[in-house]
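So you know, we letter chains A, B, ... as the sequences are listed, proteins then strands, and number each from 1.
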There are 2 protein chains.
Amino acid sequence: MPSPSYVLDQLDYLLLSLVQHDARRPLHELGDEVGLSPSAVQRRLNRLRQRGVIRSEVAVVEPRSVGADLMAVVLVALIDDDAEHHAAFRELMRAEPAVQQCYTIMGQWDYVVVLLASDIAENRRLSARLFVAPGTVRRYETLPAFEVVKAGLTVPLPGS
Amino acid sequence: MPSPSYVLDQLDYLLLSLVQHDARRPLHELGDEVGLSPSAVQRRLNRLRQRGVIRSEVAVVEPRSVGADLMAVVLVALIDDDAEHHAAFRELMRAEPAVQQCYTIMGQWDYVVVLLASDIAENRRLSARLFVAPGTVRRYETLPAFEVVKAGLTVPLPGS
DNA sequence: CGTGAAAGTTTGATTGT
DNA sequence: ACAATCAAACTTTCACG
């Protein structure tokens, strides 16, 4: 499910390192940088897309421009290790647009959630709806972010 | 610096909600969905790019396909509130490809860092290099992620 | 904002390595 | 299996109404 085995070569890594920073560059320009013709670049990118190495191509929106001024990291522990509770909680996280990211973690907490809200009041409403109302959360701790030092989905690539 | 004031209307939000999920759709297709001509869509997208509402357009790479199998959330506290230390630490985070995200947070910790590595050994090497060697970190706690429930940069938009 | 023509980009068939 | 070329299809761009 992650990705069928398929060996990437140096050229693939090079292309990935370019497009994960800017997905809008024309094929001939990428080709010039890596020493390939536009259609060879296209074949590789399509293969990478098809195999799921490139998951998607998206526009990154600046949260503050659209009124999402309060980012917070929330640590969450569920009431017990019931599989149903975990499944329900994950589904809730996936369905909620205000949840940017959610990871299952090891240690005293079960989840780390990155939550975007317009302000403290909305953060409170969201927390009530996501962490209190369902009754599956034992404890949660909100760590408001006051600066985003770095935010991206960029992945470190062999040979960059 | 965040974004010069500029009021977005419902059509802008609609376009953003489309392109933040798929940046490769042609202008005429976006136009059909929102009821605008291709050039009106283009004008709006270019304005959104120029004003920094759309920060970039990127390919999202699946970490596991490129050998980044271990994601971890690291909580970090610096040794004191010296501005130089904070500046140096932020710069280190920004410069390091293995750091996907880094937020300054309120509370007992100073930073939350999302770190990508190939395995535990590399995570240890990275931690040594990023958190121990510089001598500016008082304490750090690594919370290995065992599942990525959700990961994206998608922002909640008014009216979606 | 829409139209439409020109410019640029992507696609895929073909051929060669 | 992979790459280059080239022509057709499609997309973006931009001047004008």
Interatomic distance, [X] [atom1] vs [N] [atom2] [rounded to whole Å]:
| X | N | atom1 | atom2 | value |
| --- | --- | --- | --- | --- |
| Asp12(A) | dA1(D) | CG | C1' | 14 Å |
| Glu29(A) | dT10(C) | CD | C1' | 15 Å |
| Gln42(B) | dG2(C) | CD | P | 13 Å |
| Asn46(A) | dA13(C) | CG | P | 13 Å |
| Gln10(A) | dA3(D) | CD | P | 14 Å |
| Gln50(B) | dC14(D) | CD | P | 12 Å |
| Arg25(B) | dT12(D) | CZ | P | 12 Å |
| Asp32(A) | dT9(C) | CG | P | 11 Å |

Could you check whether atom CG of Leu11(A) has more than 12 heavy atoms from other residues, nucleotides or ligands sitting under 6.0 Å from it?
yes
Considering just the side-chain nitrogens and oxygens of Arg24(B), establish if one lies under 4.0 Å of OP1 or OP2 belonging to dT10(C).
no
Is any side-chain nitrogen or oxygen of His28(A) closer than 4.0 Å to OP1 or OP2 of dG8(C)?
no
Residue Arg44(A), side-chain atoms from C-beta onward, closest of dT13(D), dC2(D), dC1(C)
dC2(D)
When you get a sec, tell me which of dT13(D), dT5(D), dT10(C) is the closest nucleotide to the side chain of Leu27(A)?
dT10(C)
On DNA chain D, check which nucleotide each of Leu11(A) and Pro38(B) is closest to and give me the residue with the more 5' one.
Leu11(A)
Donor-acceptor pair present, Ser39(B) side chain and dT3(C) base, under 3.5 Å
yes
Within the modelled atom types, does a donor on one side and an acceptor on the other bring the side chain of Arg43(A) and the base of dG12(C) under 3.5 Å apart?
no
Charged N to carboxylate O below 4.0 Å: is that the case for [X] and [Y]?
| X | Y | value |
| --- | --- | --- |
| Arg139(B) | Glu141(B) | yes |
| Arg51(A) | Asp12(A) | no |
| Arg49(A) | Glu57(A) | yes |

Contact nearer the 5' end of DNA chain C, comparing Pro26(A) with Val41(B)
Val41(B)
Criterion side-chain hydrogen bond (donor to acceptor under 3.5 Å, both in side chains) against Arg25(A), the qualifying member of His28(A), His21(A), Glu29(A):
Glu29(A)
